[in-house]
Amino acid sequence: MAEAGQDHAPSTTGEFRYISSAMTDLAHIRNFSIVAHIDHGKSTLADRLIQLTGTVAERDMKDQLLDAMDIERERGITIKANTVRIEYPAKDGETYILNLIDTPGHVDFAYEVSRSMQAVEGSLLVVDASQGVEAQTLANVYQAIDADHEIVPVLNKIDLPAADVDRVKEQIEDVIGIDASEAVHISAKTGLGIPDVLEAIVTRLPAPKGDRDAPLKAMLVDSWYDPYLGVVVMIRVIDGVIRKGDMIRMMQTGARYGIDKLSVLRPAMQDIKELGPGEIGVFTASIKQVRDTKVGDTITHEKKGTDTPLPGFKPSQPVVFCGLFPVDTNDFEDLRDAIEKLALNDASFTYEMETSAALGFGFRCGFLGLLHLEVIRDRIEREYDIDLITTAPSVIYHVYMKDGSKLDLHNPADMPDATLVSHIEEPRIKATILVPDEYLGDVLKLCQDRRGIQEDLTYAGARAMVVYDLPLNEVVFDFYDRLKSVTKGYASFDYQLMGYREDKLVKMQVLVNDEPVDALSMMVHRDRAEMRGRAMCEKLKELIPRHMFKIPIQAAIGGKVIARETLSALRKDVTAKCYGGDVTRKKKLLEKQKAGKKRMRQFGKVEIPQEAFINALKMDS
Amino acid sequence: MTDPRHVALYVHWPFCQAKCPYCDFNSHVVAGVDHSRWRNALVAELDRVASDVPDRILTSIFFGGGTPSLMQPQTVRAIIDAARTRWSVANDVEITLEANPTSVEADKFRAFRDAGVNRVSVGLQALNDTDLRALGRLHSADEGIRAFETARDVFARTSFDLIYARQHQTREAWEQELRRAIGFGPDHMSLYQLTIEPGTAFGDRFDRGRLKGLPDEDIAADMYELTQSITASAGLPAYEVSNHARPGAESLHNLTYWRAGDWVGIGPGAHGRFTRHGTRLATETFLAPGAWITAVESGNGENNRQSVSPDDIQAERLMMGLRLTEGVPVEDIAPDFLSRVHEINELMESPALDVSNGRLRVTSSGRPVLNAVLRELLV
């Protein structure tokens, strides 16, 4: 939040200076996004465009201006869409307004990407000339194609010795199916070819269309929380004109607001009197929470507004769920505070309080995907300094009851009695994996092991592209990590949700000393239950310290035990030497063990250390 | 119960010829020791601690270390003589000195006896040369055995230490070694399982995964059981977790610790526990030899003195007392703790604790897991 705030906070110059020509005619506007894989140079290219057009003074330039959050910088990915308005005097003597929307680059944020794509007319497809096309590039470029974009291929890093321009062009044509003969050759790092990119934007991308005299119709592209300004809303005007002071209405939520401040991003906010068709800008309107704004919503005037909202609106839906519990139970209130603050700026993440016998009080949280989960978890741990236990990620199952009712299950703990259940459906995904030849066999085996159904297998040069229909629950468990390890990091992976399908799904419980440990329950496929149960029991046997009695560790489906290990009783724990000089030291040791008990969770007679939960639930198991 | 008029004296000699890799005691290797300076300092400290507990009967002196067999016999004599002038001395006073069994040290045994030492505890540790080297010992097995034989001839009472559950040691190897050692005819043995302590060379190696072949918990437990049965049938039953003796040959000095009697300590890092004007005090001297001797020469080697709270007295009583086969008299135990006995016994297949004849004892199944029993009892 703070980071987003800094990035979009009004600069002293921007606050008072209005842009001279309030509104620009459509022919002099170009709106575009950049599609690229992580590390292929999207952010660096954006920085060069900003720099070359003098949008930001040289001294204010910091590398990768648009990726504001620490985590985005560290992971080299964009999570929130950012935007910048560039003024560019073209070779034809005219000055153009170029609006770049920097889209989120990850599959978890596919819907946000699709809305950003709808807000612009063209895309730069940036491909690393030494690496070639990746799965993530594909997913995003298909979204650009779906949005009817004109696409300009840009080959980056052509200065690298490993750059193979011809091969990559061929790949773009083969795999994506677009003409790459006029691809722009650049090195974003050195600045080579950047003027050509700017000219290509003006000459090859279409100008937006729109009717200035029609009722206002603007798309809500993104919103974020700014500690000084409140909620900032980014819009693309389709028809009509929006002005400071206007009363507006959000068509999906029905909420009404008065525009307090209207600006464009350069990338700092610069106030503007009005925005017309084809223009992109931001406003504030005393909106309290980001969740009051829905990406894809249509904004119109309260009076004389349009009747027809823009098509394609979808409320964002979490697909991956897990429990977040503080390691130290005393941190619960701090965790609540952290989650509430993060939720202010992220409407796509949901939470509700959860109580676990094993882990105490925590939250059941919903995320757009695994990366989204990791980002939120990292931010809680890092920015709020709270150690977390993350329970096994789960998806939403559709549980059909024998009485005809249906239940959306996102916590295995809530699974009803199996005798009352008719059948269960689980979400499936279409996974696209690009992998060098030599690892293909391992990837196919991994997908098959994860109950995948092969849909397609094609070659693009020395790389195979495989498409699999996979259950999402197998992917959220540890698929990324396994894929990375079997391909030594050379595979790229992307997926889209396909829908629900019935399968043999059961709830597997873990019992320690005959007591169920709720935090370790999980939904699994019946055929994989024994294997998963065995792995969990073996792991717990290593992780739980021996007690004075033997402890059975079991995995069970309903009343049926499917895996069992026995942790034998402690046999030897006695201090060999204890004389006069040892009394104080040994007593301190006992006191330390007393303190250590606070980090144990009591389970019947068994004490399970926190570390055991953390390690048992680790996804790389 | 210990007699409140009694007191025991511990003397710490902090120097060694080499530091053993398993040892976490306060021991130091130095080029040269100024023996007369140390003698004066120890005697000065004896005078100081004696004034804390005057009018007592001295029941034992224990020279520990470090390696006290490296002391000059005249230093040992000076301390014993000084103690005799400070306190009245029990007729059966036990004066023990720990000795390393090198030939040089064995040659000093008679001089130690003449100085007043009547019991020696010989650090045999192992009976084969390979293992002795691995333990960083400077004597061979033969040298050790000869030293023990000399000790037996010279002193009225003798004991030896062995370390078991060593790297690569099997149950069978230990059984053989133990039977052979019993054959030397000791009246007392300290049999310690090798413990890897942090801050020792073994501790460092263990942390880096370089200390291989240590027996796992099950083998260690088997070895412990084996030790109990072999020593019992040889007439040297355990009277404490690691200590075995012919009945009547137990170490009086060490019983003072386990029975929570009063003792005073001199030398670097020596601890004391004694009751003065109705308050039990815990004392400690400076740990580093240099700091200690400087402090002593400016008048006082003590670094810390605290009163022990009633709760801590109780915890120490149980922690130390339950190490003994004889256990702790129930009148010494708060009802709170006694009431937990049943609950703790419920946890195990056979009871860990036993209350009978007015005493709380750890059973033979409880003793190998005494730390866990104490955690349940005290934590």
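Chain letters run A, B, ... following the sequence lines, proteins first, then strands; residues in each count from 1. As the structure is a prediction and not an experimental result, all values here were calculated from the model. Side chains are part of it too, since the values below use all heavy atoms of this structure and drop only hydrogens, waters and symmetry mates.
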**Student:** Considering heavy atoms only, which positions within residues 543-556 of chain A lie below 4.5 Å of chain B?
**Tutor:** A:Arg546, A:Met548, A:Phe549, A:Lys550
**Student:** Can you confirm whether the side chains of A:Asn411 and A:Glu354 place a donor and an acceptor under 3.5 Å from each other?
**Tutor:**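 Their side chains do contain a donor-acceptor pair, which is all the 3.5 Å distance test asks for.
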**Student:** With A:Arg585, which residues qualify under salt bridge (charged side-chain N to carboxylate O under 4.0 Å, His left out), at least two apart?
**Tutor:** A:Asp582, B:Asp24
**Student:** Taking 4.0 angstrom as the limit, do A:Arg364 and A:Asp414 come out as a salt bridge?
**Tutor:**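 The answer is no: the pair does not qualify as a salt bridge.
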**Student:** Look at B:Gln193, B:Arg323, B:Met348 and state which one has the largest set of heavy-atom pairs under 4.5 Å with chain A.
**Tutor:** B:Arg323
**Student:** Check each atom of B:Phe25 against the heavy atoms of chain A and say whether the ones under 4.5 Å are side chain, backbone, both or neither.
**Tutor:** side chain
**Student:** Over 60° means perpendicular and under 30° means parallel, so tell me whether A:Phe361 and A:Phe332 are parallel, tilted or perpendicular.
**Tutor:**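 Because their plane-to-plane angle lies in the 30° to 60° range, the rings of A:Phe361 and A:Phe332 count as tilted.
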**Student:** Does one side chain, of B:Thr227 or B:Trp174, offer a donor that lies under 3.5 Å from an acceptor on the other?
**Tutor:**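 A donor-acceptor contact under 3.5 Å links the two side chains.
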**Student:** Considering non-hydrogen atoms only, spot the tightest contact between A:Cys578 and A:Lys586 and give its length.
**Tutor:** SG-CG, 3.8 Å
**Student:** Under 3.5 Å, is there a donor-acceptor pair linking the side chains of A:Asp518 and A:Ser356?
**Tutor:** yes
**Student:** Sort B:Glu225 into side chain, backbone, both or neither according to what part of it lies under 4.5 angstrom from a heavy atom of chain A.
**Tutor:** side chain
**Student:** On the 0 to 90° scale, with breaks at 30° and 60°, tag the B:His253-B:Tyr10 ring pair as parallel, tilted or perpendicular.
**Tutor:**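 Aromatic pair B:His253/B:Tyr10 classed tilted.
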**Student:** Which one of B:Leu378, B:Asn26, B:Leu370, B:Val369 has the most heavy-atom pairs closer than 4.5 Å to chain A?
**Tutor:** B:Val369
**Student:** Using non-hydrogen atoms and a 4.5 Å limit, figure out which bit of B:Ala282 sits close to chain A: side chain, backbone, both or neither.
**Tutor:** neither
**Student:** Could you check whether A:Arg571 pairs with B:Asp222 (Lys NZ or Arg NE/NH1/NH2 to Asp/Glu carboxylate O, under 4.0 Å)?
**Tutor:**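 Yes, charged N to carboxylate O under 4.0 Å.
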**Student:** What part of A:Lys577 gets within 4.5 angstrom of chain B, counting heavy atoms only: side chain, backbone, both, or neither?
**Tutor:** both
